2 protein chains.
Amino acid sequence: MRVQRQDIIDAAMALLDDGGVDGLTMRRLAAALRIQAPSLYWHFAGKQALLDAMADALLAEMVLPEEEMPWDGWLRAVATEFRRALKSRRDGARVFAGTFPALDNVLRISDRIIAKLRAAGADERLAVRTLFTVQYFVLGFTIEEQAATPPPGGHGHEEGEGVDLMQVAQRLTAEQAARYPNAAITVKLLASDDDDARFRFGLDRLIDGLKAVMPS
Amino acid sequence: MRVQRQDIIDAAMALLDDGGVDGLTMRRLAAALRIQAPSLYWHFAGKQALLDAMADALLAEMVLPEEEMPWDGWLRAVATEFRRALKSRRDGARVFAGTFPALDNVLRISDRIIAKLRAAGADERLAVRTLFTVQYFVLGFTIEEQAATPPPGGHGHEEGEGVDLMQVAQRLTAEQAARYPNAAITVKLLASDDDDARFRFGLDRLIDGLKAVMPS
DNA sequence: ACCTGAACACCGTTCAAGT
DNA sequence: ACCTGAACACCGTTCAAGT
């Protein structure tokens, strides 16, 4: 049986979990599929097209909340699901960032979000700005979250790819800690704070701020 | 005169403007400095250490607002300056994202922001969460902003690195536009909307939301 | 203290050719 | 319609050696 486009995406996603974006090469991907690297170029125009397809695939599993909810709770739920989708694969947020794939899942989900906001009374511009404001926050948050090495008991992550916050805190020179005491505290506090709670904090502030400009 | 650490950072920044992060290679950087690539490893442990130094250098020009302002206006001004600093070099936001450099400029500016928020009555955790929430929004926004090709009259950007939103809009198949009408409108509206106004919109919503949880 | 030459182990992509 | 072999033009990094 020959390799299909979807087989390539599946294998690429698996490889992402193994070695991160930096470990995802066309040659390794081909080897995993037991074909030669140039064969991939029959299915995808180039590596970027593959990454676009992967970004879109990340959203495939997103479950949208029920339609009956008020827009603010609904948007909060969608943002939470978006973060979950990005986190479902190693470096998922980095793969998604920068790509602007006009592919099916991205279009489908954008469409539903805009529809919801418009139904709640927002005009086109307000709906679009709201969508992207929330998206930027989630994306920025999740990129940093995934860049940090999970504390001790991770199950993959062999390489020193991630940033260990504890280690960063300890490597601050005495001079730096004396000169920038608040920054020194920040690193330590950040390392011990709960990611989910931090995410909720930011998202709730944002949605609170959005409520003030949404009609009704 | 031999090459100094700062010369390398300066040359790397110039190279960034020329060819973006993808065009920044140790070999090209060395050539620009008229030395051989391995020499760079005497000054920096590896490419990542250089990128960290570049991320820190991006913040060197940041001008912090006067201390007398109320915290909300002050924070808005700092966020605006942060975006400006990221945009001062091609792909600046991408360079900054993911790195967590405990270097002087990053520490200095974090320290001042936390100090300001604490002086306004926030406890440590609230101050840290506020700082990072705003940072995530600005970073996410600016990454996407820099990923988009500036409309027509750009002065650099030879390669097809950026995403042309107009082109994306036109490449949507009739089937896609029919199935996801709101998404189709979104792409067009996004291409014509003003980036500065979009940035202010998101930032103001965020700061509005933060006001509700800050004491005083 | 700073730099080079040579080498290692890779990359993404093209293209003619095969089935 | 899908895949291969061979090749091109690169990468980041190490390391012994030079000044």
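A, B, ... follow the sequence lines: proteins, then strands. Residue 1 opens every chain. Note that this is a predicted model, so its numbers are computed, not measured.
With C:dC2, D:dC3, C:dG12 as the candidates, the nucleotide lying closest to the side chain of A:Val3 is D:dC3. The side chain of B:Ile35 lies closest to C:dT4, out of C:dC11, C:dG12, C:dT4. Considering only side-chain atoms of A:Ser39, the nucleotide from C:dT4, D:dG12, D:dT4 that sits closest is D:dT4. The listed nucleotides are D:dC11, C:dT4, C:dC2; the one nearest the side chain of B:Arg2 is C:dC2. Comparing atom distances between the B:Arg27 side chain and each of D:dC11, C:dA1, C:dC11 picks out D:dC11 as nearest. Among C:dT4, D:dC3, D:dG12, the nucleotide with an atom closest to any side-chain atom of B:Tyr41 is D:dG12. Closest to the side chain of A:Thr25, out of C:dG5, C:dT13, C:dG12, is C:dG12. Of the candidate nucleotides D:dT14, D:dG12, C:dT13, D:dT14 has the atom lying nearest to any side-chain atom of B:Pro38.
One atom, CG of B:Leu29, and another, P of D:dT13, lie 12 Å apart when rounded to the nearest Å. If you measure from atom CZ of A:Arg5 to atom P of D:dC3, you get 14 Å, rounded to the nearest angstrom. Rounded to an integer number of Å, the gap from CD1 of B:Ile8 to C1' of C:dC2 is 10 Å. Between B:Met26 atom CE and C:dT4 atom P there is a gap of 14 Å when expressed in whole angstrom units. In this entry the distance linking CZ of B:Phe44 with C1' of C:dC2 reads 14 Å, nearest Å. Regarding B:Trp42, its CH2 atom lies at a distance of 20 Å from the P atom of D:dG18, rounded to whole Å. Going from atom CG of A:Leu40 over to atom P of C:dC11 covers 13 Å, rounded to whole Å. The CG atom of A:Asp22 sits 11 Å away from the P atom of D:dT13 (whole-angstrom rounding).
Regarding contacts with the backbone of D:dA1, every side-chain N or O of A:His43 stays at 4.0 angstrom or more from both OP1 and OP2.
Of all nucleotides present, only D:dT4 satisfies the Watson-Crick or G-U wobble test against C:dA16, with each distance under 3.5 Å.
Geometric assessment of B:Arg94 against the ring of B:Phe96 yields a negative cation-pi assignment under the 6.0 Å and 45° thresholds. Geometrically, A:Arg83 does not engage A:Phe141 in a cation-pi contact defined by less than 6.0 Å to the ring centre and at most 45° from the axis.
Using atom P as the reference point in both C:dC10 and D:dA9, the two lie 22 Å apart (nearest Å).
Here the two rings, on B:Phe201 and A:Phe132, have centers that are 6.0 Å apart or farther.
A salt bridge is absent between B:Arg90 and B:Asp17; no separation between the charged side-chain nitrogens and carboxylate oxygens falls under 4.0 Å. A salt bridge links A:Arg76 with A:Asp204: the closest approach of a Lys/Arg side-chain nitrogen to an acidic carboxylate oxygen falls below 4.0 angstrom.
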